[in-house]
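Sequence lines set the chain letters: A, B, ... in the order given, protein chains first and strands last, and positions in each chain run from 1. Side-chain atoms are counted along with the backbone in the values below, which use heavy atoms only and exclude waters and symmetry mates. Fair warning: this is a prediction, and the values are worked out from it, not measured in the lab.
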2 protein chains.
Amino acid sequence: MKNKNKKTVMSPAPSSVQKRKLIPKKTITSIEKNPEKLESEEVVKPSLSCVRRLPSYLQLLRALQADGHEYVSGTVLASVHHLAPVIVRKDLAFTGVTGTPRIGFQVTELIAAIERFLGWDNQNKAVLVGVGNLGSALLGYHGFENFGLQIVACFDNDPMKIDTWIRGCKVHSLDQLPRFIRRSHIVLGVLTVPAEAAQKTAERMVESGLLGIWNFTSVKLAVPANVVTQKEDLAEGLAVLSHRMQHVSKTLAIQQ
Amino acid sequence: MKNKNKKTVMSPAPSSVQKRKLIPKKTITSIEKNPEKLESEEVVKPSLSCVRRLPSYLQLLRALQADGHEYVSGTVLASVHHLAPVIVRKDLAFTGVTGTPRIGFQVTELIAAIERFLGWDNQNKAVLVGVGNLGSALLGYHGFENFGLQIVACFDNDPMKIDTWIRGCKVHSLDQLPRFIRRSHIVLGVLTVPAEAAQKTAERMVESGLLGIWNFTSVKLAVPANVVTQKEDLAEGLAVLSHRMQHVSKTLAIQQ
DNA sequence: AATATATTGATATAAATATATCCATATGAA
DNA sequence: TTCATATGGATATATTTATATCAATATATT
Ligand SMILES: NC(=O)c1ccc[n+]([C@@H]2O[C@H](COP(=O)([O-])OP(=O)(O)OC[C@H]3O[C@@H](n4cnc5c(N)ncnc54)[C@H](O)[C@@H]3O)[C@@H](O)[C@H]2O)c1
Ligand SMILES: NC(=O)c1ccc[n+]([C@@H]2O[C@H](COP(=O)([O-])OP(=O)(O)OC[C@H]3O[C@@H](n4cnc5c(N)ncnc54)[C@H](O)[C@@H]3O)[C@@H](O)[C@H]2O)c1
């Protein structure tokens with residue numbers, strides 16, 4: 001805290017005058033003939049992997065914040081998640097935050113930046129359709145509220161379930177969906193109906209005005225271009241697990 | 001079926017004598033100094049993305065089989081999953097199957113190959129630890145049996161739950177786990193306890209002899225090197241969904 | 001029989017993603 | 001003060017993954 005407003009007094013070379021570009025840019029590698037992309041620079045979108053990593057940073061940052069930490073270095077974030085520090089720095093750059101050398105990033109600022117970047121800065125409300133095994137579990141789970149998602153209503157077509165309460169949530173008839181959506185300005189839906197009903201139900205959700213569907217069924221949904229779907233396929237993870245286990249046991253068998 | 005044993009009679013150039021390498025190989029690009037990798041060729045492992053795609057092929061193949069189809073082309077598999085046909089062909093090559101030009105792949109053979117490749121050719125039995133909201137849903141779900149997984153027993157530490165039946169499965173005390181594992185030669189466990197209990201419970205599972213943990217908690221587990229863990233993090237998918245929705249709505253706003 | 005066509009498997013190229021390297025900078029230690 | 005060090009940001013390189021291209025081939029068509 002000695003001299004706060006000194007700014008690179010020591011740097012002698014004029015080369016240091018170059019402006020620091022915050023967000024990485026893509027340099028044209030091949031002969032770019034697309035007339036749309038005439039500029040020599042183009043803003044690079046974050047990779048899918050980057051977007052997937054952000055929530056894990058967020059979670060750790062919240063813990064650090066609760067623990068009273070004001071700053072955290074990318075190195076620390078990296079080591080916890082077994083990532084290379086460069087990856088973390090690059091990921092964070094996409095959110096627009098700037099760290100300070102030797103210090104790191106301001107925890108609070110970083111949390112806000114990631115939340116803003118992912119659209120989690122104000123809680124997104126959602127409906128859930130299909131209050132069965134999985135649907136009930138998701139309904140009763142409030143962990144997603146840390147990730148910008150709050151399920152506020154649920155729908156089913158089983159007469160036995162309609163108007164009953166499940167996990168503190170009244171089950172509505174699916175027929176009520178359009179009116180509810182229109183009234184509440186909700187854009188996100190969670191789909192947990194059986195596979196056979198998935199496509200048809202998704203269409204009703206879209207007609208009702210939903211713009212995003214978090215799809216837990218095994219069906220690849222066909223939806224209009226303005227609707228985003230995200231399929232959560234547990235079989236994928238299971239495949240990775242099985243494959244890795246095979247590999248490990250094979251490796252051990254060779255070693256022994 | 002005219003002349004079965006003709007082998008490239010028409011090919012005149014000696015260049016065509018080159019043997020057809022079935023599985024793709026990696027060509028050394030950079031100056032490879034690692035003495036372990038002196039050979040100019042090395043068997044390429046399937047990418048993680050490839051492993052994740054295989055279950056979706058499998059699912060479609062089963063439907064085709066049930067429908068009486070004997071052959072299927074990579075092109076068809078690709079179009080259903082909105083993938084480029086090359087990707088499918090490459091993915092399938094890893095399983096060791098060979099297709100025939102103009103015909104495609106034999107459905108039954110392909111199913112068997114994928115199952116073998118993923119270690120799903122004989123049903124893997126598993127235990128589930130933490131019979132709460134999510135655990136119960138998974139217990140009651142028999143869809144994983146299509147993907148080589150069968151949950152055969154469940155464990156909890158809540159005295160109120162022990163010895164009750166949930167979804168047709170008797171809840172055992174966690175203390176019983178080691179003996180059960182040893183008796184039944186099970187190697188896989190599903191972890192659905194609260195985050196706070198995750199690491200400790202995982203350790204008990206490992207001590208009991210499990211070699212793989214399908215982890216549904218938000219905790220990154222620390223386990224010995226011979227144990228494989230697969231973390232299922234729904235927040236990742238939610239992040240992708242949120243990010244895409246932001247992008248779409250931004251794009252539409254610009255267009256309008 | 002000759003030709004056209006869909007398809008596979010191999011190879012080549014491109015694109016995306018991860019990693020290495022370097023410099024500037026803020027802090028603490030000598 | 002001077003120096004060493006950890007760190008962020010930029011750029012360069014390497015690696016991984018996806019896509020394009022093409023010869024070979026099995027079937028259908030003319
Ligand atoms: N349970 C799991 O652990 C699990 C795991 C992975 C994937 N899934 C998938 O999640 C989906 C639901 O699984 P589940 O085990 O909860 O099934 P479930 O049968 O327990 O629940 C389905 C619910 O949807 C309702 N429903 C059926 N048709 C409907 C329609 N047309 N409109 C509205 N509601 C309708 C049913 O009344 C029921 O309440 C399935 O597609 C399944 O493949 C489940
Ligand atoms: N419910 C969901 O939809 C959902 C979604 C994503 C992730 N998760 C994660 O799954 C886990 C479980 O969630 P849930 O909603 O089912 O919670 P839950 O509280 O309903 O269930 C937890 C179960 O674990 C048992 N348990 C607690 N400590 C234990 C221990 N030491 N040993 C054995 N059993 C123990 C409890 O008795 C309870 O039955 C959590 O880590 C949660 O973050 C849940």
Side-chain angles (χ1 to χ4, degrees), chain A residues 1-4 6-13 15-32 44-53 71-78 83-94 97-106 110, chain B residues 1-4 6-13 15-32 44-53 71-78 83-94 97-105:
Chain A
M1 280 234 188
K2 283 168 188 173
N3 39 4
K4 206 171 185 178
K6 76 167 178 182
K7 32 170 75 175
T8 65
V9 190
M10 306 189 66
S11 24
S15 71
S16 67
V17 183
Q18 64 185 11
K19 67 174 176 211
R20 287 200 150 201
K21 280 176 263 170
L22 185 63
I23 297 179
K25 308 280 182 169
K26 186 198 263 175
T27 47
I28 303 300
T29 51
S30 62
I31 315 96
E32 188 69 75
V44 173
K45 287 189 302 182
S47 70
L48 206 64
S49 330
C50 164
V51 175
R52 300 186 84 101
R53 282 189 294 260
Y71 290 91
V72 63
S73 75
T75 318
V76 169
L77 286 176
L83 293 169
V86 221
I87 294 187
V88 176
R89 293 207 299 269
K90 272 193 150 188
D91 287 349
L92 297 185
F94 283 107
V97 287
T98 311
T100 41
R102 192 64 201 262
I103 303 292
F105 300 85
Q106 215 197 325
L110 204 43
Chain B
M1 281 231 187
K2 285 169 188 174
N3 37 6
K4 206 171 186 178
K6 75 164 180 183
K7 30 171 75 175
T8 64
V9 190
M10 304 190 67
S11 19
S15 71
S16 67
V17 182
Q18 64 185 10
K19 67 178 174 205
R20 285 201 149 198
K21 283 176 262 170
L22 184 63
I23 297 179
K25 309 280 182 168
K26 186 200 260 173
T27 48
I28 303 298
T29 50
S30 62
I31 313 99
E32 188 69 73
V44 173
K45 287 189 301 182
S47 69
L48 206 64
S49 329
C50 164
V51 175
R52 302 185 84 101
R53 282 188 294 259
Y71 289 92
V72 63
S73 75
T75 318
V76 170
L77 285 177
L83 294 169
V86 221
I87 294 187
V88 176
R89 293 206 300 271
K90 273 195 150 187
D91 287 350
L92 297 185
F94 282 106
V97 287
T98 311
T100 40
R102 191 67 200 263
I103 303 292
F105 300 84

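Between Leu92(A) and Leu77(A), the closest side-chain pair of non-hydrogen atoms falls below 4.5 Å. Contact of the Phe94(B) side chain with the Cys50(B) side chain is registered, since non-hydrogen atoms from C-beta on lie closer than 4.5 Å. In this structure the side chain of Val88(B) never reaches within 4.5 angstrom of the side chain of Pro85(B), judged on heavy atoms. You'll find the side chain of Ile87(B) reaches within 4.5 Å of the side chain of Arg53(B), heavy atoms only.
Atoms CZ (Phe94(B)) and C1' (dA18(D)) sit 12 Å apart, rounded to a whole Å. Note: CZ (Arg102(A)) to C1' (dT25(C)) measures 10 Å, nearest angstrom. Atom CD in Gln106(A) sits roughly 16 Å away from atom P in dA26(C) (whole-Å rounding). Rounded to a whole Å, the CD1 atom of Ile103(B) is 14 Å from the P atom of dA6(C).
Atom CG of Leu110(A) is separated from atom OG1 of Thr98(A) by 10.5 Å, given to the nearest 0.5 angstrom.
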Grab the N/O contacts between the protein and nucleotides 17-19 of chain C below 3.5 Å, and write none if there aren't any.
unit_1	atom_1	unit_2	atom_2	d
dA18(C)	OP1	Arg53(A)	NH1	3.2
dA18(C)	OP2	Arg53(A)	NH2	3.2
dT19(C)	O4	Lys90(A)	NZ	3.4

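Where Pro101(B) and Arg89(A) each meet DNA chain C at their nearest nucleotide, the meeting point lying more 5' is that of Pro101(B).
Remark: the backbone N or O of Ile103(B) is not paired with any side-chain donor or acceptor of Thr100(B) at under 3.5 angstrom.
Using Watson-Crick or G-U wobble geometry with both donor-acceptor distances under 3.5 Å, dA20(D) finds its partner in dT11(C).
Between dT7(D) and Ser73(A), a contact under 4.0 Å exists linking OP1 or OP2 to a side-chain N or O.
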